[in-house]
Amino acid sequence: MIIINTSVKGKKYRVSIAFLLIVAVVVVFFTFKSEVKSEPLASVEVFNEIDFKSNNADVDGHKKEFKNTLDEHLTKLKLSNDEKTLILTALENSMFERIPNANTSDGDYLINISLNKRYEIYLDSTNKQLIFANEHDNDSNHRYYKFTNDSGLFKLLEESTKETLD
């Protein structure tokens, strides 16, 4: 009887070790897979059903300013038609990568884009991130993206902010 118990204990031990080894391999695989950079995404892959050629194109936005940690102030950007077109073109030509979450709460710009539908996005100029306010406005309900190429978008927004404040 003792020999049988030892044999059973040995099998349980080997099965347990094999199970732990399989779990470790799966964890390493998914960790490595998530760290592998994917190909940059074009804006048409990020924005859900976007039509940059829409006849009803419009852009408005606000610059968020913080007087202190509790007081947030929105300054409406005064955008000319040319600036609106340039912002849409920059967004259309931008490239992105998915990120698991944002390094910021909402970014420093709130931009509303009206094309074939309305998109509300937050832009963080420091971390070069795009955050969708509404998770249904983007692909696969993923909300956070980092610009790999902003096509001059943040420079345009900075210039528009300076013109607005002057």
Side-chain angles (χ1 to χ4, degrees), residues 27-166:
V27 167
V28 168
F29 173 76
F30 282 112
T31 302
F32 177 74
K33 185 177 178 183
S34 68
E35 290 178 4
V36 174
K37 297 253 181 199
S38 60
E39 291 293 317
L41 301 168
S43 58
V44 294
E45 297 173 285
V46 171
F47 289 85
N48 190 18
E49 302 170 3
I50 196 161
D51 178 11
F52 282 105
K53 305 301 181 214
S54 174
N55 292 330
N56 303 321
D58 192 26
V59 176
D60 67 54
H62 296 82
K63 169 73 172 158
K64 293 169 72 174
E65 298 174 31
F66 300 93
K67 297 186 180 181
N68 60 48
T69 55
L70 299 175
D71 188 20
E72 177 183 307
H73 179 71
L74 294 176
T75 302
K76 184 164 178 56
L77 298 176
K78 297 175 186 168
L79 300 172
S80 68
N81 286 336
D82 288 341
E83 288 171 321
K84 291 176 183 184
T85 302
L86 289 171
I87 288 171
L88 284 173
T89 302
L91 261 176
E92 181 178 16
N93 295 326
S94 293
M95 300 297 286
F96 304 89
E97 70 179 49
R98 285 186 179 103
I99 55 176
N101 55 24
N103 293 341
T104 182
S105 60
D106 287 334
D108 46 357
Y109 289 97
L110 168 61
I111 306 294
N112 294 301
I113 303 167
S114 297
L115 292 163
N116 53 316
K117 66 186 258 186
R118 187 170 174 85
Y119 301 89
E120 184 177 338
I121 58 175
Y122 297 101
L123 298 173
D124 179 344
S125 60
T126 305
N127 296 309
K128 303 286 190 196
Q129 294 177 349
L130 178 147
I131 305 155
F132 283 94
N134 182 346
E135 65 186 33
H136 303 293
D137 287 346
N138 53 314
D139 78 318
S140 305
N141 297 331
H142 190 82
R143 293 186 58 206
Y144 308 104
Y145 294 86
K146 183 170 183 68
F147 284 86
T148 57
N149 175 6
D150 72 9
S151 297
L153 175 65
F154 289 105
K155 184 176 180 183
L156 287 167
L157 291 172
E158 282 179 33
E159 290 170 0
S160 297
T161 302
K162 285 179 186 174
E163 291 173 14
T164 297
L165 297 175
D166 289 340

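All residue numbers refer to positions in the sequence shown, counting from 1.
- When every heavy atom of M95 is checked against every heavy atom of A42, the shortest pair comes out as SD-CA, 3.8 Å.
- Summarising the geometry, atom NE2 belonging to H62 is positioned 9.0 Å from atom CD1 belonging to I111; distances are rounded to the nearest 0.5 Å.
- Taking the side-chain hydrogen bond (donor to acceptor under 3.5 Å, both in side chains) definition, one finds that S94 meets it with nothing, sequence neighbours left out.
- Under the 3.5 Å distance criterion, the side-chain polar atoms of K78 are left unmatched by any main-chain donor or acceptor of E163.
- Ring centers of F147 and F96: under 6.0 Å apart, within the cut-off.
- A donor-acceptor distance shorter than 3.5 angstrom exists from the side chain of D108 to the backbone of S125, with no hydrogens or angles considered.
- L156 contributes atom CG, which lies 8.0 Å from atom CD of E83 (distance to the nearest 0.5 angstrom).
- For F47 and F132, the gap between ring centers is short of 6.0 Å.
- Not a single donor-acceptor pair under 3.5 Å links the side chain of Y145 to the backbone N or O of L41.
- Scanning both residues, Y144 and P100, for their nearest heavy atoms gives CD1-O, 3.6 Å.
- The minimum heavy-atom distance between Y119 and N48, with the atom names listed, is OH-O, 2.6 Å.
- Distance check: L157 CG to I87 CD1 gives 5.0 Å after rounding to the nearest 0.5 Å.
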Would you please test V59 and L88 for side chain to side chain contact (heavy atoms under 4.5 Å, CB included) and show each step? CA-CA 8 Å; V59 176; L88 284 173; 3.5 Å; yes
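- Across every non-hydrogen atom of N127 and K146, the tightest pair is O-NZ, 2.8 Å.
- Salt bridge annotation for R98-E45: absent, with no cationic side-chain nitrogen under 4.0 angstrom from a carboxylate oxygen.
- Atom NZ of K76 sits about 4.0 Å away from atom CG of D60, to the nearest 0.5 Å.
- How far CG of L153 is from OH of Y109: 9.0 Å, rounded to the nearest 0.5 Å.
- Looking at every heavy atom in both residues, N93 comes nearest to S151 through O-OG, 3.0 Å.
- With respect to L91, the side chain to side chain contact (heavy atoms under 4.5 Å, CB included) criterion is satisfied by exactly one of L123, I121, V46: I121.
- Taking CZ of R118 as the start and CG of N56 as the end, the distance is 12.5 Å to the nearest 0.5 Å.
- A donor-acceptor pair is defined here as one N or O able to donate and one able to accept, closer than 3.5 Å; no such pair exists between the side chain of S160 and the backbone of L79.
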